[in-house]
Amino acid sequence: MHNAMRKGLLAAGVMSAMAALPAWAAKDAVIAVGSNFTTLDPYDANDTLSQAVAKSFYQGLFGFDKEMKLTNVLAESYQASPDGLTYTIKLRSGIKFQDGTDFNAEAVKVNLERASNPDNHLKRYNLFKYIATTEAVDPTTVKITLKQPFSAFINNLAHPAAAMISPTALKKYGKEIGFHPVGTGPYELVTWNQTDFVKVKKWDGYWKKGYPKLDSITWRPVVDNNTRAAMLQTGEANFAFPIPFEQAKLLEKNAKLKVVTSPSIMQRYISLNVTQKPFDNPKVREALEYAINREALTKVAFAGYATPATGIVPPSIDFAQRYPAIQYNPAKARELLKEAGYPNGFETTLWSSHNHSTAQKVLQFTQQQLAQVGVKVKVTAMDAGQRAAEVESKAQKESGVRMFYTGWSASTGEADWALTPLFATTSWPPAIFNTAFYSNPQVDKDLADALKTTDRERKASLYKDAQDKIWNDHPWIPLVVEQLVSANTASLTGFYVMPDTSFSFDEADLK
């Protein structure tokens, strides 16, 4: 009796210990990322990271693979009319949203009508503004008619913003949908602690049988680069991006970790508010371009994992133009400032769209470089909330933006999305992200005409003219195109960074 009791107590103890095991003992991947998330509504996010996390629960009709090649997701196929005005899309059947609502043509219609309605003031409206009508022909056929020919339209539908949200959830939550995501994706939301993490868990009703392979993913914003790297080494994280460039070589020596370097379409630049003194003077703007040593910047802030910008569009984007390298020439910078009426320089502010360690290094380096030509700069590194409040939501007359360090990746892989959101007059905040408040009628015309033609040579000519004019107007200080450096534990497979700095984790698994 005594032995039987001991065995019973021992078994109970083992069962109790098993019950007490933390949830992360299952296949829970912890992903350490560089900043907070602004919203879980992809249509209303200006940052790629928020859209990347939203891919946990959302899918679009189309997507991209890791080489940025177009893939079918919720769509099976599409056909474009010869005049480029009508797109007929065939949908996969038998798919449900996580709340039990059917995914069908009517759901696509609800989403695209919401996205293309300017009254909704969604941050990604510009991707969908050319949609005239969306018609549900039958449950698996959608017919989209555009206001004008637009050869990059399917690329726009493959952008991470173009997610399919449950119409039932949209009706229920309205403008609060960003806190209550309901999609067709592999995971469903468990918790969003806005200062600490987003946790998602496997959705058992997912339409791809055998997926997802993970039980859950915890997305954890970690601003400090060194902390992110340390979490990998201690096992607190399975994946980290971005990896501090200066630590990549060190992490490569750890047999339990894998460091991955991949090409990017992430352009880093400083926009100059051309509507405000002294940046309304083109000579001042040109002077600042000569004041920064890009070769040194790639070493100081990026540990060599970047290349000096050769234009305003990254080389791997379709229709990108290359220009001669901007030489570091502080004497020329001082000369131009003198000609502009600022022989002793001036004082201004430089904001950054992120506050992680690499961004802070860029700010400090720029501050030191500009000081050498008499320009005194007060720097502020912003978190996602500050950026949304101070930069993205304020119109030109109330904007405090002067110099703004940020980055842009054209997630459609085409020049329109690398140029229009950043240089068109219609893209001034709060509409989108032209933080230079740049306006050139000929550039606007070139960009508009390029969307109307299906002739590739004509389109290339128009994009070249637009880029030539922007390059010569100097609304930016183009800096570098980043390489992407991520690292993961050897136990995590199938998780990688896309060229636009979003993530692919369809095949993610923990061994």
- Query: Any sub-3.5 Å donor-acceptor pair from Q233's side-chain atoms to L257's backbone N or O?
  - Reply: no
- Exam field: side chain T298 to backbone E295, donor-acceptor pair closer than 3.5 Å: yes
- Query: So which heavy atom on Y290 is nearest to which on Q327, and how close?
  - Reply: CD2-O, 3.3 Å
- Task: Mark yes or no for whether Q267, through its side chain, and G407, through its backbone, hold a donor-acceptor pair below 3.5 Å.
- Result: no
- Item | Whether Y173 and H180 hold their rings parallel, tilted or perpendicular, with breakpoints at 30° and 60° | parallel
- For T101 and S166, which heavy atoms make the closest approach, and how far apart are they? OG1-OG, 3.6 Å
- When you check the side-chain N and O atoms of Y206 and E188, is any donor under 3.5 Å from an acceptor? no
- Parallel under 30°, tilted from 30 to 60°, perpendicular over 60°: which one fits the rings of F423 and W476? tilted
- Task: Using distance alone, with no hydrogens and no angle criterion, decide if T39 and D41 have a side-chain donor and acceptor under 3.5 Å apart.
- Result: no
- Smallest heavy-atom separation, K213 atom then A508 atom, equals CB-O, 3.4 Å
- Message: Can you see whether R228 engages N225 through a side-chain donor-acceptor pair at a distance of less than 3.5 angstrom?
- Response: yes
- Message: Looking at K201 and D215, is any side-chain nitrogen of the basic one under 4.0 Å from a carboxylate oxygen of the acidic one?
- Response: no
- Message: Whether the D500 and S502 side chains hold a donor-acceptor pair (N or O, under 3.5 Å, no angle test) is what I'd like checked.
- Response: yes
- Hey, are K511 and D509 close enough for a salt bridge, meaning a charged N less than 4.0 Å from a carboxylate O? yes
- Item | Close side-chain approach of L288 and V375, heavy atoms under 4.5 Å | yes
- What heavy-atom pair brings Y58 and A163 nearest, and what distance separates the two atoms? CB-CB, 3.6 Å
- Item | Residue from D383, T435, T406 passing side chain to side chain donor-acceptor pair (under 3.5 Å) with S353 | T406
- Which of parallel (below 30°), tilted (30 to 60°) and perpendicular (above 60°) describes F103 and F97? perpendicular
- May I ask you to decide if A424's main-chain N or O and N434's side chain share a donor-acceptor pair within less than 3.5 Å? yes
- Below 4.5 Å, heavy atoms only, C-beta onward: do K378 and L350 meet side chain to side chain? no
- Message: Can you tell me if K258 has over 12 outside heavy atoms packed within less than 6.0 Å of its NZ?
- Response: no
- Message: Please verify the inter-ring angle class for W219 with F505; under 30° counts as parallel, over 60° as perpendicular, anything in between as tilted.
- Response: perpendicular
- Item | Closest non-hydrogen atom pair, E289 against I326 | O-CG2, 3.6 Å
- Message: Can you see whether T412 engages E414 through a side-chain donor-acceptor pair at a distance of less than 3.5 angstrom?
- Response: no
